Amino acid sequence: MSAGALLSVRDLAVEFRTSEGVVHAVDHVSYDVGGGEVVGVVGESGCGKTVTALAVLGLIATPPGRIAAGEILFDGRDLLQASRRELQHLRGNEISMIFQDPQSSLNPVFTIGQQIVAVLRAHDRRLSNRAARARAVELLDKVGITDAPGRLHEYPHQWSGGMCQRAMIAMAIANRPRLLIADEPTTALDVTIQAQVLDVLREAQHDTGAAIVLITHDLGVVAEMAGRVVVMYAGGVVETGWVGDLFASPRHPYTLGLLASLPRLDAEVERLDPIAGQPPSLVRRPSGCAFHPRCRLRQGRDRCVDERPALGVKGVHRAACHFSHELSGETVSAGATGASGERAGIGR
Ligand SMILES: Nc1ncnc2c1ncn2[C@@H]1O[C@H](COP(=O)(O)OP(=O)(O)OP(=O)(O)O)[C@@H](O)[C@H]1O
Ligand SMILES: [Mg+2]
C-alpha cells in the first residue's frame with residue numbers, strides 16, 4: 001500500500017553505540033501509514049517502538065545513535081535527507097508527537113498557557129499573543145479541560161497526569177498536523193482516565209483528519225482505536241495486518257503468544273500463557289529469526305536458526321515466519337481481547 005502512503009518507513013535501521021557494544025534498536029523496519037489512518041504499533045518493552053518514532057521526527061541523538069540504513073518518506077519526501085530547518089518546520093506543523101511521559105514532557109517552569117501559546121506562535125509568527133491565548137483556550141476546551149481560561153495560568157505540577165496528557169494532546173493538534181505519533185498516551189493513567197484520553201484522541205483525529213501512529217503495549221487499546229496493527233519484536237516487524245484479521249488468526253507465534261497472554265474475560269478460571277523466556281539482547285541478536293529461542297514452532301528446525309524470515313510485501317496481512325502456515329488452524333477467541341470492549345494490558 002505504499003503508493004499513496006503519507007508515511008512510509010522503509011528498511012529503517014537505528015543503532016546506538018554503548019559500552020556493551022552496538023545496540024541494534026531498530027533492525028530493518030518497514031511500515032506504511034495512509035492519510036487519516038490509525039495504525040497501532042505493539043510489542044514488548046525495549047523492542048524499538050519509541051526509537052522508530054523518534055527517527056521519524058529526526059530526534060535520534062547522534063552520537064550515541066545513528067541511522068544505519070533506510071528511508072523515511074513523508075508525503076514522498078525522504079526525511080532522512082531533509083535539512084535541520086525543514087525538519088523543524090515539519091515537527092509540530094505536519095508531524096507531531098505525544099511523548100511517553102506527559103508530566104516530564106511539559107516544562108515545569110512555564111505555565112500550561114505559555115507552553116501552548118509558544119507552540120502556536122512558533123508556527124505562526126504573525127499570530128498575536130491575544131489571539132494565541134484565545135486559541136489555547138479553544139484547544140483546552142476541545143480536549144475536555146473545564147474552566148480553561150482560569151487554568152491557563154497554572155503550572156504542570158498543579159495538573160493531574162490525565163490533565164497533562166490532555167494538554168499534550170492539545171499541543172500536538174494545535175497546528176492541525178497530518179500525522180500524530182502517540183507514544184503510550186494512556187499508560188501512566190488509571191483506567192477511567194485512559195478511556196477519556198482515548199476519546200479525546202479519537203475526537204481530535206476525527207476533527208483534524210490526522211493519521212495516527214499509536215504506540216502501546218496494550219492490545220485492547222489497539223483493538224479499540226486502530227485499523228491496522230504492526231507487531232514488533234527485537235527491533236523488527238514480525239507481523240502486520242488489519243486488526244480484526246490479526247487478532248482472529250495471528251500468523252506469527254509471537255503475536256499468538258501476546259494474544260494468549262491476555263486475561264480471558266470468557267474463561268471460568270483465569271489462565272495466562274506468558275511467552276516463555278526473555279526478550280533477546282539487541283547487542284547480540286539471535287541468528288535467523290530473532291524469536292527462535294522462545295518459539296514453540298521451531299522444534300529443532302535449522303531454518304529458523306539459519307535464515308532470517310522476511311515479512312514480504314504482498315497483501316495486508318503478513319508475517320515474518322518460515323512456518324506461519326502451521327498456525328493457520330489456531331485462532332484466539334474474541335474473549336481474549338475483550339469482546340465487550342474491556343481492555344486488558346499485556347505485562348511489561
Ligand atoms: N540513547 C540510547 N542509548 C542506548 N540504547 C538505547 C538508547 N535509546 C534506546 N536504546 C535501546 O533501544 C532499544 C529500543 O528502545 P525503545 O525505547 O524504542 O523501546 P520501546 O519499544 O519503546 O519500549 P517501551 O515499551 O519500554 O517504551 C532498547 O533496547 C533501548 O535500551
Ligand atoms: Mg517506548
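The model shown is predicted, which means the values in this text are computed figures rather than measured ones. Just so you know, ligand 1 is whichever comes first in the structure, and atom 1 is the first atom listed for that ligand.
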Asks: Which is closest to atom 13 (C) of ligand 1 in terms of heavy atoms, S45, G46, A55?
Replies: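 The nearest heavy atom belongs to G46.
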Asks: Using 30° and 60° as the class limits, which term best fits the ring planes of F291 and Y254: parallel, tilted or perpendicular?
Replies: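 Geometry flag for Y254 against F291: perpendicular rings.
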Asks: Pick whichever of V14, T50, D101, T187 has a heavy atom sitting closest to atom 17 (O) of ligand 1.
Replies: T50
Asks: Please list, in number order, the atoms of ligand 1 under 4.0 Å from a heavy atom of L282.
Replies: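 Listed by number with element, the hits are 13 (C), 29 (O).
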Asks: Determine whether the side chains of S30 and D11 contain a donor N or O and an acceptor N or O closer than 3.5 Å.
Replies: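 S30 vs D11: no donor-acceptor pair found between side chains.
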Asks: Please state which option from K49, H217, E20 has its nearest heavy atom closest to atom 25 (O) of ligand 1.
Replies: K49
Asks: If only side-chain N and O atoms count, and only distance matters, is there a donor-acceptor pair under 3.5 Å linking Q196 with R166?
Replies: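 R166 vs Q196: donor-acceptor pair found between side chains.
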Asks: Geometry only, no angles: is G43 polar-contacting ligand 1 at N/O separations under 3.5 Å?
Replies: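 No; every N/O pair is 3.5 Å or more apart.
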Asks: Please work out which of T216, T52, V51 has its closest non-hydrogen atom nearest to atom 18 (O) of ligand 1.
Replies: V51
Asks: Assess the side chains of S128 and R130: does a donor N or O sit below 3.5 Å from an acceptor N or O?
Replies: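 Not at all, the side chains of S128 and R130 share no donor-acceptor pair under 3.5 Å.
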Asks: With a cut-off of 4.0 Å, which atoms of ligand 1 are near a heavy atom of T18?
Replies: 4 (C)
Asks: Does G227 offer a backbone N or O that forms a donor-acceptor pair with the side chain of E37 under 3.5 Å?
Replies: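 No: the side chain of E37 does not pair with the backbone of G227.
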Asks: Using 2.8 Å as the threshold, say whether any N, O or S atom from T50 sits that close to the Mg ion (ligand 2).
Replies: yes
Asks: For A25, counting its heavy atoms only, list the atoms of ligand 1 lying under 4.0 Å from any of them.
Replies: 12 (O), 13 (C)
Asks: May I ask you to check whether G48 has an N/O atom sitting below 3.5 Å from an N/O atom of ligand 1?
Replies: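 Right, the criterion is met.
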